[in-house]
Amino acid sequence: MKAKIDFNINNLVRDNIKKLKPYQSAREELKNDNSIFLDANENPFPSGYNRYPDPLQRELKTEIGKQKGIAVDNIFLGNGSDEIIDLLIRAFCEPQRDSILINVPTYGMYEVCAAINNVDLKKIELNSNFQLDINKIFDCLHDIKMMIVCSPNNPTGNSFNKKDIITILQNFNGVFVIDEAYIEFSEEKSFLDELLNFPNLVILQTFSKARAMAGIRVGMGFADAEIIHILNKIKSPYNISLLNQKAALKALKTSNINLSKQAILRQKEVLINELQQLGLVLKIWPSDANFLLVEFINYKEVFYFLNKKNIIVRDRSNEPNCSCCLRITVGTSNENSMLIRSLRELEKLTLKNYEKDIIS
Ligand SMILES: *Cc1c(COP(=O)(O)O)cnc(C)c1O
């Protein structure tokens, strides 16, 4: 599937960014490791970390590219995908003039990043199945600079219909961002295969979820080389520390993502099964991710009862179409058993109170 629209990404970039002469870091050019480095005011005595890291993270990107079948020129790395979202907005969205479109409920950082950058945000509610509302989206697509879609979506857990996303992509002349933070847990294929077909497409993935590396803050952006070039121009020079580059590289080379993924998916099935048997549970939304959106009869009571038991879940009840919903991350078998045990305990207590009410 190809883009129908003729693209020149540079027409979408903010003027000040287009004109920007980026900071030239001392380590921009790959130099021979045997060189004498007197250019960056570093301390010459080795500590393991006395040198600045590679600003373009070439070794790490090469390994990511190899594993995902993507050219290094199409990869950007950020201090978490959160940094990439912020940089994309700063590169393309003129404060107080451009607009970003999101589909709610979704990941909260999009709204926060737009607000920090003083960029207008339009929200369209997902339909009753938590799918994209194509008609409403098309109604406002013409004056949108950037659209961000999260699939599988947080907090609803579902993936959006691929056909819908492609239809929008083919008719949108702004920057289209797909956040695939949970893609590894999904049966659906990543949009990485479409990257070369759409010069305005940016795909975000992360080390934080299936890779079990949230602590190192490494997010990946995949896009046309022109977009990557723009992001490289505006990022802070050493945005991924040497420690984090090394940790990410080691994880890629040594850890098997499928093992923990399979374990989590198995636990998800167990959890769904157990939750379904509870009278407190009204609905478990279908999930393509490592969490469940669960509607409870008495979600507030559930939330505080779990809290007292030191089990922390996420209250999403204020989100559109999520009233009475808590978002529960799939934990270890042990953690999930504790959760279920606590819910059963609460259910018994609730039932007793109910009987008391009837008797009195
Ligand atoms: C968890 C999550 C991320 C990950 O962000 P990082 O900054 O890479 O840790 C990104 N997008 C969504 C929707 C998420 O839920």
Side-chain angles (χ1 to χ4, degrees), residues 57 60-61 64 68 75-90 100-114 116-117 121 123 126 130 132 146-160 165 175-186 188 190-192 201-223 231 235-236 239-241 243-245 247-249 251-252 257 260-261 264 268 285 287-293 312-316 319-320 322 325-331:
Q57 307 102 15
L60 178 53
K61 282 182 188 167
I64 292 170
K68 293 191 182 279
I75 306 175
F76 181 85
L77 298 180
N79 184 32
S81 2
D82 290 350
E83 185 192 18
I84 310 180
I85 295 164
D86 183 61
L87 288 174
L88 284 166
I89 296 176
R90 280 156 65 188
I100 298 172
L101 176 64
I102 62 170
N103 303 273
V104 292
T106 193
Y107 185 44
M109 277 307 286
Y110 311 142
E111 181 161 9
V112 173
C113 278
I116 290 171
N117 289 295
L121 184 84
K123 301 185 207 175
L126 297 170
F130 288 143
L132 296 169
M146 176 179 293
M147 179 164 172
I148 309 175
V149 161
C150 181
S151 185
N153 188 34
N154 174 6
T156 59
N158 63 306
S159 303
F160 298 134
I165 294 181
V175 178
F176 193 96
V177 182
I178 306 181
D179 187 342
E180 294 189 334
Y182 300 97
I183 192 69
E184 293 96 336
F185 299 108
S186 170
E188 299 284 326
S190 162
F191 270 84
L192 279 180
L201 174 60
V202 182
I203 294 164
L204 302 179
Q205 294 183 0
T206 180
F207 278 72
S208 297
K209 306 286 157 62
R211 276 245 161 250
M213 300 289 280
I216 66 166
R217 312 302 305 123
V218 177
M220 298 167 275
F222 304 97
L231 294 176
K235 80 185 183 73
S236 66
N239 62 326
I240 314 277
S241 83
L243 282 164
N244 295 347
Q245 290 187 42
L249 192 62
L252 284 177
I257 196 169
S260 70
K261 182 186 105 177
I264 288 167
K268 185 167 87 171
W285 287 91
S287 166
D288 254 353
N290 64 333
F291 58 82
L292 298 170
L293 187 70
I312 320 298
V313 298
R314 196 98 151 107
D315 181 354
R316 297 286 80 182
E319 298 290 321
C322 293
C325 283
L326 302 177
R327 193 192 68 197
I328 302 175
T329 307
V330 179

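Just so you know, ligand 1 is whichever comes first in the structure, and atom 1 is the first atom listed for that ligand. Note that these values count all heavy atoms, side chains included, but never hydrogens, waters or copies made by symmetry.
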Checklist entry - Taking Lys268 for the side chain and Leu292 for the main chain, is one N or O donor matched with an acceptor at less than 3.5 Å? => result no

Checklist entry - Measuring from each atom of ligand 1, which residues have a heavy atom under 4.0 Å away? => result Gly80, Ser81, Asp82, Tyr107, Tyr110, Cys150, Asn154, Asp179, Ala181, Tyr182, Thr206, Ser208, Lys209, Arg217

Checklist entry - Can you tell me if Ser190 and Glu180 form a side-chain donor-acceptor pair at under 3.5 Å? => result yes

Item to check | Whether Gln245 side chain and Ile240 backbone form a donor-acceptor pair below 3.5 Å | outcome: yes

Item to check | With sequence neighbours excluded, residues passing ring-ring contact (aromatic ring centres under 6.0 Å, His included) with Phe130 | outcome: Trp285

Next on the checklist: Going by the rule ring-ring contact (aromatic ring centres under 6.0 Å, His included), which residues pair with Phe291 if we only count those two or more places apart in sequence or in a different chain?
Outcome noted: Tyr182

Checklist outcome for this item: Sorted by chain and number, sequence neighbours left out, ring-ring contact (aromatic ring centres under 6.0 Å, His included) with Tyr107 holds for Tyr110

